[in-house]
Amino acid sequence: MGELEEFRAQSRAWLEANCPLSIRSNMPADEYPGGGRNARYKNPDTKLWLERCAEQGYTVPAWPKAVGGAGLNKDQAVVWQEEMRRINARPPLVGMGISMIGPALLEYGTEEQQQEHLPKIASGAIWWCQGYSEPGSGSDLASLRTSAVEDGDDYIINGQKIWTSGADNADWMFCLVRTDPDAPKHEGISFILFDMTTPGITVKPIKLISGLSPFCETFLDNVRVPKANLVHELNKGWTVGKRLLQYERSSIGGIGGGQKVRSIEDYASEYVGLDDSGKIADPALRADILRHRMNDKAFALTTRRSMQESATGKAPGAVSSMFKYYGTEQNIGKYELLLTALGTQSLGWEGDSFAEDELTTTRAWLRSKANSIEGGTSEVQLNIIAKRVLGLPD
Ligand SMILES: Cc1cc2nc3c(=O)[nH]c(=O)nc-3n(C[C@H](O)[C@H](O)[C@H](O)COP(=O)(O)OP(=O)(O)OC[C@H]3O[C@@H](n4cnc5c(N)ncnc54)[C@H](O)[C@@H]3O)c2cc1C
């Protein structure tokens with residue numbers, strides 16, 4: 001048996017022995033394992049699964065063992081994902097820690113910062129939030145005004161962030177701040193980390209029409225942060241911030257695998273029905289699904305090629321904008337087709353006339369609309385692709 005096949009056999013045996021049965025199913029929206037000091041687990045198996053994986057480094061399989069990963073090379077990481085998918089295992093941990101700030105710290109953090117933060121991210125001990133957007137600074141992020149002013153061994157931070165996802169439960173924030181107001185806008189920004197319990201931080205959840213509050217306003221009033229929490233050089237935070245966005249965009253674009261989901265064909269067969277030859281009875285829907293499926297295949301092959309071309313765990317630079325843009329289009333398209341297949345059963349928000357699965361699909365369809373905004377809008381991704389990938393003039 002080759003080395004990789006041996007690794008596959010070991011992974012399969014470990015998963016069989018350690019992945020609880022209730023975790024081998026699609027993740028319900030209220031069971032996402034974000035970790036953190038305030039973590040609550042509806043299903044005790046979610047906690048058990050997180051702990052078992054963290055012990056082996058499987059929450060971040062490709063990270064080095066010294067900081068809480070499993071030290072897998074890129075071929076092993078692909079095999080690990082395949083074996084997880086084979087039993088439809090839920091990811092043991094999700095969130096900005098493992099997908100965004102962790103990879104950025106591996107690249108730009110000091111030895112001390114890596115030792116301090118990465119093991120806690122890998123074990124799910126700390127939940128991170130992202131302090132980028134401000135009122136008036138979204139797409140034009142580099143115009144941000146939250147300031148950090150030196151004071152002895154500290155910075156004093158003042159300003160406001162907005163759309164901070166999960167800030168009301170987060171333990172730490174990674175934040176972009178202006179440290180030189182006189183420099184050209186991209187050159188006066190720094191990247192800094194702080195504990196959300198630091199005095200001077202007020203978090204106000206923003207209530208949405210759905211009744212949920214997935215994001216918050218975050219007010220920073222004279223927040224004192226040690227200089228040791230600055231990542232990379234002073235006034236060079238744009239480099240780190242941009243890199244982190246590439247990790248974010250790759251993850252929104254769907255690089256890195258995922259769970260099996262019930263297919264559009266399955267829904268269409270059930271809700272629209274099949275004709276005499278066993279095909280989906282509505283020819284227009286059938287053609288749309290076929291087109292979507294072919295694009296999905298091409299996209300999956302492209303992301304896989306890109307993963308294999310880049311070093312393990314690295315975001316694929318400006319190309320991540322292509323994945324973010326197209327992954328978003330495909331995800332939105334998928335939910336449009338699902339809704340077409342469900343017909344009037346997609347019109348429910350709550351109540352007994354609708355199955356749980358139908359209600360979840362309708363809510364997921366609405367949520368998919370945010371994909372084209374979060375992590376930088378689709379229009380902004382097209383600008384980046386034009387300039388940085390295709391090299392078109394400004
Ligand atoms: C679900 C979700 C979660 C989020 N979580 C976070 C978070 O945790 N932390 C955080 O900091 N932020 C977060 N955001 C905010 C997100 O990053 C911003 O909404 C996004 O960058 C767009 O900024 P804006 O909302 O200010 O829109 P604007 O920048 O005001 O854009 C408005 C419209 O103008 C278009 N536009 C703007 N500039 C250009 C241009 N140059 N060319 C063409 N079109 C342009 C945009 O595409 C958009 O359609 C989140 C957003 C969503 C939807």
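Each ligand, and each atom within it, is numbered from 1 in the order the structure gives.
Salt-bridge formation is detected for the pair E51/K47: a Lys NZ or Arg NE/NH1/NH2 atom is positioned less than 4.0 Å from an Asp or Glu carboxylate oxygen. Checked for salt-bridge contact, D394 and K387 meet the test: a charged N lies under 4.0 Å from a carboxylate O.
Atom 43 (C) of ligand 1 has its closest protein heavy atom at E379 CB, 3.7 Å. In this structure, the protein non-hydrogen atom closest to atom 2 (C) of ligand 1 is F215 CE2, 3.3 Å. Protein heavy atom at the shortest distance from atom 41 (N) of ligand 1 is N383 ND2, 3.5 Å. Protein heavy atom in closest approach to atom 7 (C) of ligand 1: W163 O, 2.8 Å. What sits closest to atom 22 (C) of ligand 1 on the protein, heavy atoms only, is T377 CG2, 3.8 Å.
In this structure, K279 places its NZ atom where only 12 or fewer heavy-atom neighbours from other residues, nucleotides or ligands lie under 6.0 Å away.
Considering backbone and side-chain N/O atoms, Q130 comes within less than 3.5 Å of an N/O atom of ligand 1. Checked by distance only, ligand 1 and E374 stay at 3.5 Å or farther apart across all their nitrogen or oxygen atoms. In terms of polar-atom proximity, S133 is counted as a contact of ligand 1, with an N or O under 3.5 Å from an N or O of the ligand. The distance criterion of under 3.5 Å between nitrogen or oxygen atoms is not met by S137 with respect to ligand 1.
Under a 4.0 angstrom heavy-atom cut-off, M96 registers as being in contact with ligand 1.
When distances from atom 35 (C) of ligand 1 to the protein are checked, no heavy atom turns up under 4.0 Å. For atom 46 (C) of ligand 1, a protein non-hydrogen atom is found at a distance below 4.0 Å. In this structure, atom 31 (O) of ligand 1 is in close contact with the protein, since a protein heavy atom lies within 4.0 Å of it.
Atoms of ligand 1 found under 4.0 Å from any heavy atom of Y132, numbered from 1 in the order shown, are 11 (O). The S165 neighbourhood of ligand 1 comprises atoms 3 (C), 4 (C), 5 (N), 6 (C), 7 (C), 8 (O), with distances under 4.0 Å to a heavy atom of that residue. The atoms of ligand 1 that sit less than 4.0 Å from any heavy atom of R367 are 1 (C).
Formation of a donor-acceptor pair under 3.5 Å by the E83 side chain with backbone atoms of L15 is not found in this model. With hydrogens and angles ignored, the 3.5 Å screen pairs a side-chain donor or acceptor of R24 with a backbone N or O of C19. With hydrogens and angles ignored, the 3.5 Å screen pairs a side-chain donor or acceptor of T362 with a backbone N or O of E358. Between the side chain of Q130 and the main chain of S165, no donor-acceptor pair closer than 3.5 Å is present.
Atom CG in L347 sits 9.5 Å away from atom CG in L342 (nearest 0.5 Å).
When ring centroids are compared, F194 and W172 stay outside the 6.0 Å threshold. You'll find the ring centres of W238 and F191 outside the 6.0 Å limit.
With a 4.0 Å heavy-atom cut-off, ligand 1 is reached by no atom of E134. With a 4.0 Å cut-off on non-hydrogen atoms, L141 does not touch ligand 1 at all.
A cation-pi arrangement is found for R363 relative to W349, the charged atom lying closer than 6.0 Å to the ring centre and inside a 45° cone about the ring normal. A cation-pi contact, defined as under 6.0 Å to the ring centre and within 45° of the axis, links R243 to Y247.
The residue from N371, V380, I373 that puts a heavy atom closest to atom 20 (C) of ligand 1 is I373. With distances taken over non-hydrogen atoms, the option nearest atom 28 (P) of ligand 1 out of S372, S139, A370, G131 is S139. Scanning C216, A167, G138 for the heavy atom closest to atom 26 (O) of ligand 1 points to G138.
Under the 4.5 Å side-chain contact rule for hydrophobic residues, V177 and L105 do not share a cluster.
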